[in-house]
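Okay, so here's the structure we're looking at.
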Amino acid sequence: MTGAAQQAATTTTRGTLLVVDGHSLAFRAFFALPAENFSTKDGRATNAVWGFATMLSQVLDSEKPDHLAVAFDMKGGTFRNQMLPQYKGTREAAPQELLDQLPVIQKMLADLGVTYIEKQGFEGDDIIATLATMGEQAGYDTLVLSGDRDAFQLITDRVTVLYPGHHFKDLKHMTPQAVEEKYHVSPSQYPDLAALRGETADNIPGVPGVGDGFAAKWINQFGGLESIIEHADEIKGKKGEALRESIDQVRLNRKVNALLRDVDLGVDVDDLTFGGAGIDVDAIDKLFTDLEFGVRTKSKVLKSFNGGARPAASRAAGADAAGKEDDDRALTLPALADDVHDAARLAAWLDALMPARSGKPSADTATASDTSADAEDTVLADRVRAAAVLDVTGCAKPGRARCDSIALSAEGHAAMFAVPTADDGAEDSGVKDNDAAHHGLQTILDRYAGRIIVHGYKEQLHMLAAAGLTLPEPLFDTKLAGYLIDPDFHAESVEQAAEHFLDIRQDDDEEPSQGQLDFDVDDDGADAAASQDAGKTDESRELTQLAMIRALADHLAPALDGNHQSKLLRSIELPVSRVLGGMERAGASVDMMRLTAMRDQFATDAREAQETAWRYAGSRINLQSPKQLQKVLFEDMGLKPTKKTKSGSYTTNASALQDLALRTVDDERANGFLTALLRHRETNKLKQIVQTLIDAVNPQDGRIHTTFEQTVAATGRLSSVDPNLQNIPNRNAEGREIRSAFVPGDGYESLLSCDYSQVELRIMADLSGDEALIEAFRSGADFHKYVASLVYGVPVEEITPDQRTHVKAMSYGLAYGLSTYGLAQQLKIRPGEAEKLKSQYFATFGKVHDYLESLVADARRDGYTETMFGRRRYFPGLKSTNRNIRDAAERGALNAPIQGSAADIMKIAMVRAGDALAKAGLASRIILQIHDELVVEVAHGEAEQVTQLVRDAMEHAVDLAVPLDVSTGLGSDWQLAAH
DNA sequence: GAACTTCCGTT
DNA sequence: GACGTACGGAAGTTCA
C-alpha cells in the first residue's frame with residue numbers, strides 16, 4: 001500500500017517527497033534492537049545506525065519517493081525550552097551510546113547522497129513542518145515519516161504522515177480520514193487535542209483525567225481550544241474542574257506543539273534528490289566495513305537508495321486499450337437482496353436480472369466446443385459484462401473440501417446464503433428440504449454456467465463438490481485470466497489481484513487476510529477503534545469479494561481479447577481446470593506398508609552413514625547444518641580451499657563434496673568423512689521424501705491428494721504442492737524405488753504411464769522449420785544417434801556412445817540457453833571441445849540457431865515471448881544494464897516459448913484424454929501429470945482401450961511438422977509402468 | 001515466529 | 001566473474 005499510489009489517482013503530481021524525522025527514527029532503531037547484538041568487535045554500538053539504514057530502506061522500497069530529506073534536532077535548546085523548561089526532558093536523557101551514533105548516521109546519509117538538515121535553535125519537527133509545507137506548495141505528494149504525533153497537524157490531502165505501529169514494518173498511513181477516524185478531529189485540530197491530553201513521551205502534562213476521547217468531545221462541541229477555554233465554566237464534573245485548573249498549562253502546550261512552517265532552510269525542494277549518482281559507493285563500503293555490517297545489509301541499502309530505476313511493473317498489458325480512468329474507479333458493492341434464500345427464489349431472482357437470451361437458450365454451456373473461435377475472441381468482454389459472479393467460500397483442499405456459503409451477484413445485486421453444515425452421517429430429518437434446495441441449485445448452475453464468472457474454477461469446483469454440486473465450465477475465471485495477463489505476478493487472494501490489476505485498494509485498515517490487528521503503541525491507553533475487523537460481517541466481506549471479482553473480470557476480459565488470449569483461456573485453461581479438479585479429487589493410491597518399510601530402511605541407512613561421519617569427524621555435528629559442515633571441512637580439517645562460493649561462504653553441496661572427495665583420496669579421515677556425508681545426504685533426503693508422502697496420505701481413502709497449481713509457473717507449466725508429486729525421485733534406482741509405492745487403488749488393476757519423447761526438441765523443429773531436424777524426427781530412427789551422425793558427419797552405425805551422449809546433452813541444452821562452459825562441465829570435456837560441438841551442431845541445424853536468436857530478438861522488441869498458443873511471458877530484464885540479469889532474461893526468453901508450448905500441448909492432451917475417457921464411459925482416470933508424462937489409473941479390463949485413447953489424445957493434441965511420439969507402459973505400480 | 005539461506009528432488 | 005529452465009520443500013540460521 002503505497003500512499004503515493006493512493007494519491008496519484010486524483011491529481012497530477014511532481015513526484016513524492018519523503019521527509020524523515022531523523023531523531024525519531026534513530027530512537028526507534030536504538031531501542032528496538034539490542035545493542036549487544038549490534039556492536040563492533042571493539043565495542044562500538046551500531047544498532048541505531050543499522051536500524052536506521054534498514055528501516056529507511058524499507059520505507060524507500062514501499063513508498064518509492066523520488067525526493068528525500070532527513071531532519072535532525074540540534075544540540076542546545078530551542079524557543080520551546082524557554083517557554084517550558086521540562087520540555088522533552090526525557091529525550092535529552094538519551095543514552096550516550098545513541099548520541100554517539102547520530103554523527104555516524106549523518107555521515108551515512110551524506111554518503112548515500114541524502115540531504116539532511118539541522119538548524120540551531122529549531123527542532124527537527126519545525127524543519128519537517130517547513131519541508132512538508134514547501135513540498136506541498138511545490139506540488140509534491142509529501143510523506144512525513146515520524147513517530148511524533150505532533151506531525152499529525154501537517155496532514156492534508158497531499159501530506160501523509162507515516163506513523164510506525166507496534167512493529168516498525170506496519171507503518172500507518174495517516175491521512176485526514178485516518179486522523180478523523182482515530183481521533184475524531186481534523187488534522188488541524190489535532191494540536192488542540194494534544195494540548196488538552198498532554199504528551200507523556202515528551203514529559204508534557206495535560207488536563208488530568210482527560211484523554212483523546214474527552215478532548216475530542218470538547219473540540220467538537222465548542223469548535224477549538226480557545227472556545228473550550230472560553231466555555232470552561234460550562235463544563236461540569238471533575239473533568240471540568242481539572243480543565244479550569246490546567247488552562248495555563250494547556251495554553252502553553254498549544255503554543256509549544258505548534259510547528260513552525262517557515263524556517264529558512266536555504267534549500268529548494270526540487271534539489272532534494274537522493275541516491276543514484278549521488279551515492280559514494282566507496283565511502284559506504286568503507287563505512288559499512290568499519291561498522292562490520294554484512295554484505296547483505298550493504299546491498300539491500302544500496303539497492304533501496306539507488307531508487308529511480310524502477311521498471312513500471314508490467315501492468316495489465318491491455319491497459320493501454322482499456323483507458324486509464326477506468327482503472328481508478330472505486331469499488332461499487334452490489335446490494336444484498338435478502339429474500340432469495342431458497343433455490344426457487346434464487347432462480348426467479350436471477351431470471352429477472354439475467355433473462356435467458358433469445359437465440360441461444362439455456363444450452364449455452366459454451367466451452368471449447370464453440371467453434372466460432374474468432375467471433376468469440378472479440379466478444380468475450382461483452383459476454384463477461386453481462387454475466388453473473390459466483391463465489392463459494394469454504395475449503396478447497398482436495399480430499400478435505402468443504403462448502404460454507406454460496407454467493408451470486410448480477411447487475412449490481414447480490415444474493416448469498418450459508419450452506420448448512422453437511423451432516424456427513426447418514427440421513428437426518430432435513431434431508432428432503434436439502435434435496436430440494438440441492439436440486440434447485442444444481443439446476444441454476446447448469447442453466448447459467450456459460451454466463452458465470454468465478455475466481456478459481458478448480459477451487460470452486462472442489463467446494464461445490466463437497467456440497468454435492470457440480471459447477472459446469474464457467475464463462476470466465478479471473479484467477480486464470482490474471483495469470484495469462486501477467487504470469488509472473490502471484491496473487492494469493494482476490495484482494496491482491498484487484499490491487500495489482502486495478503489499483504483498487506480497500507480501506508487501509510482492512511489489510512487482506514493477515515489477521516494480526518496492529519495496535520499502536522500509544523502511551524495513553526485504549527482506543528475504541530480496535531475492533532474494526534470484528535465489526536465486518538461475513539456478508540459485507542462477501543459483497544466486497546463479489547465486487548472485486550466483477551471489477552477484475554471487467555478489466556481482464558477486454559485485456560485478454562486485446563492480447564488474443566481469450567481462446568487460450570476458454571479452450572485450454574478453463575477445460576484443463578476441470579480435468580485437474582478430477583485428478584485432485586481422485587488422488588493417487590499408495591501402498592502404506594511399502595512406504596513405511598522404505599522409510600525405515602532409509603532411516604537406518606541414514607543413521608549408519610551419520611555414525612560413520614561422526615566417527616571420522618570426531619564430533620557429533622549436525623550433518624544437516626551447512627554452517628557446521630563448513631567449519632569442520634574448511635577449518636577443523638583445515639582441508640581444501642573450496643572453490644565454489646555463493647554470497648560469501650563456501651558451498652557444501654554434493655558436487656563440491658564429490659570434488660573434495662576426489663582430491664582427498666590420500667587422506668583417510670577427510671575422504672571417509674566426505675563419503676559418509678554424501679551417503680547421509682542421499683539417504684536422509686530419501687527418508688524425508690518418503691515421510692512427507694506418508695504424512696500426506698488421506699486416512700479417509702488411503703490416497704494422496706495433491707493440488708496442482710495452475711497459476712504459479714510463469715511458463716505455463718503446472719506445479720504440484722502439498723505434497724509435490726512432480727519430484728518423486730527417478731534418476732537413480734534407489735530413489736526410483738519410491739515410485740513402486742504408487743499403486744492402483746480398489747477397483748483398479750494397473751497404472752498406465754504415457755510420456756512424450758523429446759517434446760521440446762520437436763517443438764523447436766516445428767517452430768524453426770529446420771529441415772534437417774524435421775527429417776531427423778520423421779525418420780523414426782534413434783533420434784540422438786541420427787543427429788550425432790549428422791553433426792559428426794559419420795554413418796549412424798559408427799556413432800560412439802560418447803558422441804551420442806554429447807549430442808544429446810547439446811540438444812537438450814539448447815532450450816535452456818546452455819553456455820559452452822556449462823556444456824563442458826556437464827560432459828566433463830574441455831571448453832574447447834564443447835565450443836567445437838556447439839558450432840558443428842549449429843552448422844548442421846542452421847535454422848534452429850536462427851530461431852533461437854529470433855526468440856530473444858523478438859522478446860527484446862516486444863517485451864514478451866509467446867508460445868504456440870499465445871501464452872505470453874514478459875521479460876523486462878532484457879533491457880537491464882546488469883549483465884547477470886540480462887543474461888538470465890535472455891535464457892528465459894529462449895526457454896519460455898519452448899517450455900510453454902510443451903505445457904500448452906500437454907494441457908490440450910489432458911483435456912482430450914479426459915474427455916475421451918469420459919465419453920467412452922470408462923472408469924479409468926488420469927491421476928498425475930509430471931510435465932510430459934501422464935499417469936492413468938486403469939480400471940479392470942480397460943487397459944487396452946485406455947492406452948489407445950490416451951496415446952491418441954496425446955499424439956494428436958496438435959499438428960506439428962513432426963510427429964509427436966508418445967511412449968507408454970503398463971504395470972502394477974508406477975515404477976513398473978515406466979518404460 | 002517470520003524470513004532468509006542452503007540444499008536437493010523433478011522435468 | 002559467472003556460466004541450464006521451471007518449480008516445492010525441509011532444515012538450519014538469522015532477524016526483530
Side-chain angles (χ1 to χ4, degrees), chain A residues 28-29 31-34 37-38 47 50-51 54-55 58 166-169 294 296-297 300 487-488 514 516 622-630 644-657 681-682 684-692 695-696 706-709 712-732 735-736 738-739 755-756 758-760 809-810 812-826 831 834 873 883-884 887-900 902-903 906 929-933:
Chain A
R28 197 169 175 98
F31 290 109
L33 304 169
N37 300 2
F38 292 88
N47 56 339
W50 191 87
T54 51
M55 287 171 171
Q58 275 173 29
H166 207 333
H167 296 285
F168 179 80
K169 260 195 163 173
R296 261 163 61 198
T297 303
K300 178 181 157 42
D488 279 283
Q514 332 289 63
Q516 4 154 291
N622 184 347
L623 297 182
Q624 292 173 130
S625 162
K627 206 184 162 199
Q628 295 179 38
L629 284 179
Q630 283 157 17
K644 278 188 164 187
T645 163
K646 166 70 178 284
S647 89
S649 62
Y650 294 124
T651 180
T652 62
N653 68 24
S655 90
L657 296 182
R681 278 262 173 90
E682 204 176 10
N684 196 49
K685 176 85 178 178
L686 293 173
K687 184 199 80 174
Q688 176 255 107
I689 289 173
V690 176
Q691 184 62 53
T692 308
D695 294 340
T706 184
T707 298
F708 290 102
E709 294 287 351
V712 166
T715 51
R717 273 189 175 181
L718 302 174
S719 75
S720 159
V721 296
D722 201 20
N724 182 353
L725 294 184
Q726 289 181 321
N727 70 344
I728 305 301
N730 195 22
R731 283 185 186 158
N732 60 53
R736 188 152 49 229
I738 297 175
R739 294 184 170 219
D755 64 62
Y756 281 120
Q758 309 110 4
V759 235
E760 300 191 346
M810 180 70 215
Y812 282 118
L814 286 180
Y816 296 134
L818 181 61
S819 66
T820 53
Y821 176 92
L823 184 64
Q825 186 137 346
Q826 184 185 325
R873 186 175 175 194
R883 251 269 298 264
N884 286 334
D887 284 356
E890 285 179 5
R891 287 193 297 271
L894 204 70
N895 177 259
I898 298 168
Q899 187 183 111
M906 179 52 110
Q929 186 253 44
I930 307 96
H931 309 305
D932 62 4
E933 172 187 10

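Numbered from 1 within each chain, the chains take letters A, B, ... in sequence-line order.
- Look at A:Thr651 and you'll find a side-chain N or O under 4.0 angstrom from OP1 or OP2 of B:dC7.
- Phosphate contact (OP1/OP2 of B:dT10, side-chain N/O of A:Arg717, threshold under 4.0 Å): absent.
- Set against B:dG9, C:dT13, C:dC3, the side chain of A:Ser625 has C:dT13 as its closest nucleotide.
- Looking at A:Asn724, its side chain has no donor and acceptor atom pair within 3.5 Å of the base of C:dG8.
- Listed candidates were C:dA11, C:dA6, C:dG9. Nearest to the side chain of A:Gln624 is C:dA11.
- For the pair A:Gln628 CD and B:dC7 C1', the interatomic distance rounds to 15 Å; values are reported in whole Å.
- For A:Val721, whose side chain is taken as the heavy atoms from C-beta onward, the closest listed nucleotide among C:dG8, B:dC7, C:dT5 is C:dG8.
- The side chain of A:Asn622 places an N or O atom within less than 4.0 Å of a non-bridging phosphate oxygen (OP1 or OP2) of C:dG12.
- Remark: A:Ser649 is in phosphate contact with B:dT6, judged by side-chain N or O atoms under 4.0 Å from OP1 or OP2.
- In this structure, the CG atom of A:Leu814 is 15 Å from the P atom of C:dT5, given to the nearest Å.
- An OP1 or OP2 oxygen of C:dT5 is reached within less than 4.0 angstrom by no side-chain nitrogen or oxygen of A:Thr715.
- Following rounding to the nearest Å, A:Asn684 (CG) and B:dG9 (C1') show an atom-to-atom distance of 13 Å.
- Per the geometry, CG belonging to A:Leu686 stands 15 Å off C1' belonging to C:dG9, to the nearest Å.
- A gap of 23 Å separates the C1' atoms of C:dG1 and B:dC7, to the nearest Å.
- In terms of modelled atom types and a separation under 3.5 Å, the side chain of A:Thr706 and the main chain of A:Val721 share a donor-acceptor contact.
- No option in A:Glu682, A:Arg681, A:Gln688 other than A:Gln688 meets the side-chain contact (heavy atoms from CB on, under 4.5 Å) test with A:Lys685.
- Side-chain nitrogen and oxygen atoms of A:Thr652 include at least one within less than 4.0 Å of the OP1 or OP2 phosphate oxygen of B:dC7.
- Candidate nucleotides C:dA6, C:dC7, C:dG9 were compared by shortest atom distance to the side chain of A:Val712, and C:dC7 ranks first.
- Contacts of A:Thr692 with the nucleic acid, taken as non-hydrogen atoms under 4.0 Å apart, involve only primed sugar atoms and P, OP1 or OP2.
- Both A:Pro626 and A:Gly822 lie near DNA chain C, and the one whose nearest nucleotide falls closer to the 5' end is A:Gly822.
- For C:dG4, neither phosphate oxygen OP1 nor OP2 lies less than 4.0 angstrom from any side-chain nitrogen or oxygen of A:Arg891.
- On a pure distance criterion of 3.5 Å, a polar donor-acceptor pair joins the side chain of A:Gln899 and the base of C:dT5.
- You'll find that the side chain of A:Ala654 is closest to B:dC8, out of B:dC8, C:dA16, C:dC7.
- Using a 4.0 Å heavy-atom distance criterion, A:Glu933 is classed as making no nucleic acid contact.
- One can place CZ of A:Arg736 at 20 Å from P of B:dC8, the figure rounded to the nearest angstrom.
- Counting only distance, with no hydrogens or angles, the side chain of A:Ser720 and the backbone of A:Leu725 share a donor-acceptor pair below 3.5 Å.
- In this structure, A:Gln628 contributes its side chain and A:Leu623 its backbone to no donor-acceptor pair below 3.5 Å.
- Across all strands, A:Ile728 comes closer than 4.0 Å only to sugar-phosphate atoms, never to a base (heavy-atom distances).
- Protein atom CG of A:Leu623 is 14 Å distant from nucleotide atom C1' of B:dC7, rounded to whole Å.
- Within the 4.0 angstrom heavy-atom criterion, no nucleotide atom of any strand lies near A:Asp887.
- With C:dG8, C:dA16, B:dC8 as the choices, the nucleotide that has an atom nearest any side-chain atom of A:Asn727 turns out to be C:dG8.
- Within the 4.0 angstrom heavy-atom criterion, only backbone atoms of the sugar-phosphate kind lie near A:Lys627; the bases stay farther away.
- In this structure, A:Tyr816 does not pack face-to-face on the six-membered ring of C:dT5, missing the 5.5 Å centre cutoff or the 30° plane limit.
- The A:Leu818 side chain lies nearest to C:dG4 when the options are C:dG12, C:dG9, C:dG4.
- Distance from the side chain of A:Tyr821 is smallest to C:dC3 among C:dC3, B:dG9, B:dC8.
- Side-chain atoms of A:Asn730 lie closest to B:dT10 of the nucleotides B:dT10, C:dT13, B:dC8.
- In this structure, the CD atom of A:Gln726 is 11 Å from the P atom of C:dG9, given to the nearest Å.
- The backbone N or O of A:Ala815 sits less than 3.5 Å from a side-chain atom of A:Asn895, completing a donor-acceptor pair.
- A side-chain donor-acceptor contact under 3.5 Å links A:Asp695 and A:Gln691.
- Distances shorter than 4.0 Å separate some side-chain N or O of A:Arg681 from OP1 or OP2 on B:dC8.
- Nucleic acid contact for A:Ala896: none, since no nucleic acid atom lies under 4.0 Å from a heavy atom of the residue.
- No donor-acceptor distance shorter than 3.5 angstrom exists from the side chain of A:Glu760 to the backbone of A:Ile898, with no hydrogens or angles considered.
- Of the possible polar contacts, one joining the A:Arg739 side chain to the A:Ile728 backbone as a donor-acceptor pair under 3.5 Å is found.
- Closest approach to the A:Ser819 side chain among C:dA6, B:dT10, C:dC3 is made by C:dC3 (side chain taken as heavy atoms from C-beta onward).
- Taking atom CE on A:Met810 and atom P on C:dT5, their separation rounds to 15 Å, with Å as the unit.
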